[in-house]
Amino acid sequence: MAGHRWLEPHDPDEGWDTPTEEDVAEMLGEEGLVSGVSLGGPLPGDEDGEDHQEPRPIPEVGSPEWQADTAELAAVEEELATRWPETRLEPSLDRIAELTGVLGDPQYAYPVVHVAGTNGKTSVTRMIDALLRALHQRTGRNTSPHLQTVTERIALDGEPVPARLFVDTYRELQPYLELVDQRSEAGGGPRMSYFEVLTAMAFAAFADAPVDVAVVETGMGGTWDATNVVRPAVAVVTPVGLDHTDYLGDDLATIAGEKAGIIQPGAEDDLLPRDPVAVIGRQEPEAMEVLLRRAVEVGAVVARLGSEFDVVERRLAVGGQQLTLRGFGGEYPEVFLPLFGEHQAENAATALAAVEAFFGAGPDRSLDPELIRAGFAAVDNPGRLERLSSSPTVLVDAAHNGHGGRALAEAVTSEFDFRRLVAVVAMLDGKDADAFLAAIEPVVDEVVVTRTGSPRAMALEDLARVAEDRFTAQRVHVVDTLPDAISAALDLVGVPDPTADDDVSGVGVLVTGSVLTAGAARSLFGKDAQ
């Protein structure tokens, strides 16, 4: 890798050379660009926002307008359900590129931070979004899959778009969708997929807003993911693990190669060419090698967790953890993160590095520590070791593979002190249930296996068989539905009535196994979509 431009590690005990006037003149162009990366949007204290549309009023829940919007949203979801599901992938960007081209390439109307990976990518995407908003940017956030409602996938300024905006965006795109469908089918190809349509809708909604920056999470992969028609200012790759092996490959190197596709060369038509930046989270060696080779191939500047940025200190705090993070611009102490687990601390460091890279931060240009603290403190990450109830403790986590299960088990061990913990597990077909259950078994006393109402749910008898192999039959309980399974788990920890005033300290229920399971549990406990 000779000749590759690495981001220099920052030793906080050593000073940095002060740039000369010539250095500054070289970095700053007439448009105020740093390292060729647009600062985007109003600077702190700048109230300029004349081009931004006023947010649409949201009807009161239960009002006639709300009922009409909800009914139209349901109709749109029915239409979307007739398309290829997002679990089905064809290695082509032709359809999404044709659609965005017809729409005028809305994904080029704003800078993009693009996030891929197997585990932690939604958490990192949400953290980046929160930090950018704290730094006075108007953001668009595109995530998948959703927990409770499809509108979660397209967020403006941290909030899911209203049902009316979602419906209107779909209807505006519908003629163009049909055009692309017809052309694809005429050539022997499929209609646009569910995920492709939602991706195009997000790009269009962000351009219409307009946003200052979009944070875009991939679906399953990278190279052939529908989101990969963006030109990222920063590409982020969170930990790569074994998942979706039927589409992405059955070893880490192959899967990492697919994820690495979001690390792209700089756009040739930029007035001020910039070096692309690749921010890479913790990886196994075989995955890291593939990612670095891709970065060298496209000439990207590389920043890695544990080298160019890191978690300096982590300690438990009420409701989360207190961190000291090291970024390109120095150390950021006393950062409160309202999330649990060492993996979330590393996600925070990765998110910070991505935001620093976006703004062109460096040794003599750090971000405002107070705004960074405010951004992290405001992070919400539903369904990721989220507490749904305190009496007793009921936690929900969307982990669904071996890597995620290990991170979950480590977080439960380090952050909580349960004397008895019962897990409720419902998984999707095709997932490695054995690897997941093996990861959580050491921290769980008993497990209640069940299924959600999804047509993709793993057959209950299959999940029960795997669970009994890992836990023994005496520690496994089989219940048909998720609500009944949660009730059974509460009985097992000795809390038949979670509203009672009995002493329930030291016991808990953990609901996990898939994003769908987490979303269903949130709904059962009356949590609103975020």
Glu217 versus Thr143, side-chain donor and acceptor atoms under 3.5 Å: no

Any donor-acceptor N/O pair, Ser487 side chain to Pro483 backbone, under 3.5 Å: yes

Asn119 and Asn401 side chains, donor-acceptor separation under 3.5 Å: yes

Under the side-chain contact (heavy atoms from CB on, under 4.5 Å) test, residues paired with Thr223 that sit two or more places apart: Glu258

Validation row: Val215, Asn142 side chains within 4.5 angstrom (heavy atoms): no

Glu441 to Phe471 - nearest heavy-atom pair and separation: CA-CZ, 3.6 Å

pair Phe525-Ile486: side-chain heavy atoms closer than 4.5 Å: yes

Salt bridge present between Asp168 and Arg171 (N-O < 4.0 angstrom): no

Salt-bridge criterion met for Arg164 and Glu72 (N-O under 4.0 Å): yes

With Ala155 via side-chain contact (heavy atoms from CB on, under 4.5 Å) - residues at least two apart: Arg141

Heavy-atom donor-acceptor pair, Lys527 side chain to Pro382 backbone, under 3.5 Å: no

Note: Asp434-Arg470 ion pair, threshold 4.0 Å (strictly below): yes

Side-chain heavy atoms of Val234 within contact of His114, under 4.5 Å: no

Side-chain heavy atoms of Asp462 within contact of Arg465, under 4.5 Å: yes

Minimum side-chain heavy-atom gap Leu388-Arg522 below 4.5 Å: yes

Min side-chain heavy-atom separation Val493-Asp445 under 4.5 Å: no

Partner residues of Asp429 under the side-chain contact (heavy atoms from CB on, under 4.5 Å) criterion, sequence neighbours left out: none

Set of side chain to side chain donor-acceptor pair (under 3.5 Å) partners for Arg126, sequence neighbours left out: Asp380

Test item: Ser184 side-chain N/O and Asp181 main-chain N/O as donor-acceptor pair under 3.5 Å: no

Leu510 side, atom CG; Leu408 side, atom CG - distance, nearest 0.5 Å: 5.0 Å

Main-chain N/O of Gly241 paired to Glu284 side chain as donor or acceptor, under 3.5 Å: no

Distance (rounded to the nearest 0.5 Å) between Glu172 CD and Leu177 CG: 11.5 Å

Polar side-chain atom of Ser523 near backbone of Gly519 as donor-acceptor pair, under 3.5 Å: yes

Arg314 bridged to Glu415 by N-O distance under 4.0 Å: yes

N/O donor-acceptor pair under 3.5 Å between Thr238 side chain and Ala116 backbone: yes

Interatomic spacing from CD in Gln174 to CD in Glu178 - rounded to 0.5 Å: 5.0 Å

Side-chain donor/acceptor of Gln283 to backbone N/O of Val240, under 3.5 Å: yes

Residues Asn228 and Gln264: side-chain donor-acceptor under 3.5 angstrom: yes

Any residue meeting side chain to side chain donor-acceptor pair (under 3.5 Å) with Gln344, in chain and number order, not counting sequence neighbours: Ser123, Asn347

Backbone N/O of Ala407 and side chain of Glu410: donor-acceptor pair under 3.5 Å: no

Interatomic spacing from CD in Glu342 to CD in Gln321 - rounded to 0.5 Å: 9.0 Å

Glu446 bridged to Arg420 by N-O distance under 4.0 Å: yes

Geometric class of the Tyr110/Phe206 ring pair [parallel <30°, tilted 30-60°, perpendicular >60°]: perpendicular

Side-chain heavy atoms of Phe436 within contact of His400, under 4.5 Å: no

Heavy-atom donor-acceptor pair, Arg475 side chain to Val444 backbone, under 3.5 Å: yes

Those residues that, when tested against Ala260, pass side-chain contact (heavy atoms from CB on, under 4.5 Å) (two or more places apart): Leu291, Arg294

Pair Thr481-Asp484, side-chain donor/acceptor within less than 3.5 Å: yes

Separation of Met220 CE from Ser144 OG (nearest 0.5 Å): 10.0 Å

Phe340 side chain near Val412 side chain, heavy-atom distance below 4.5 Å: no

OG1 on Thr517 to CZ on Arg451, rounded to 0.5 Å: 10.5 Å

Side chain to side chain donor-acceptor pair (under 3.5 Å) between Thr254 and Asp251, worked out: CA-CA 6 Å; Thr254 303; Asp251 61 80; 3.0 Å; yes

Option among Val115, Ile96, Val216 that satisfies the side-chain contact (heavy atoms from CB on, under 4.5 Å) test with Thr227: Val216

Distance-minimising heavy-atom pair for Leu437 and Val466: CD1-CG1, 3.9 Å

Main-chain N/O of Met192 paired with Arg83 side-chain donor or acceptor, under 3.5 Å: yes

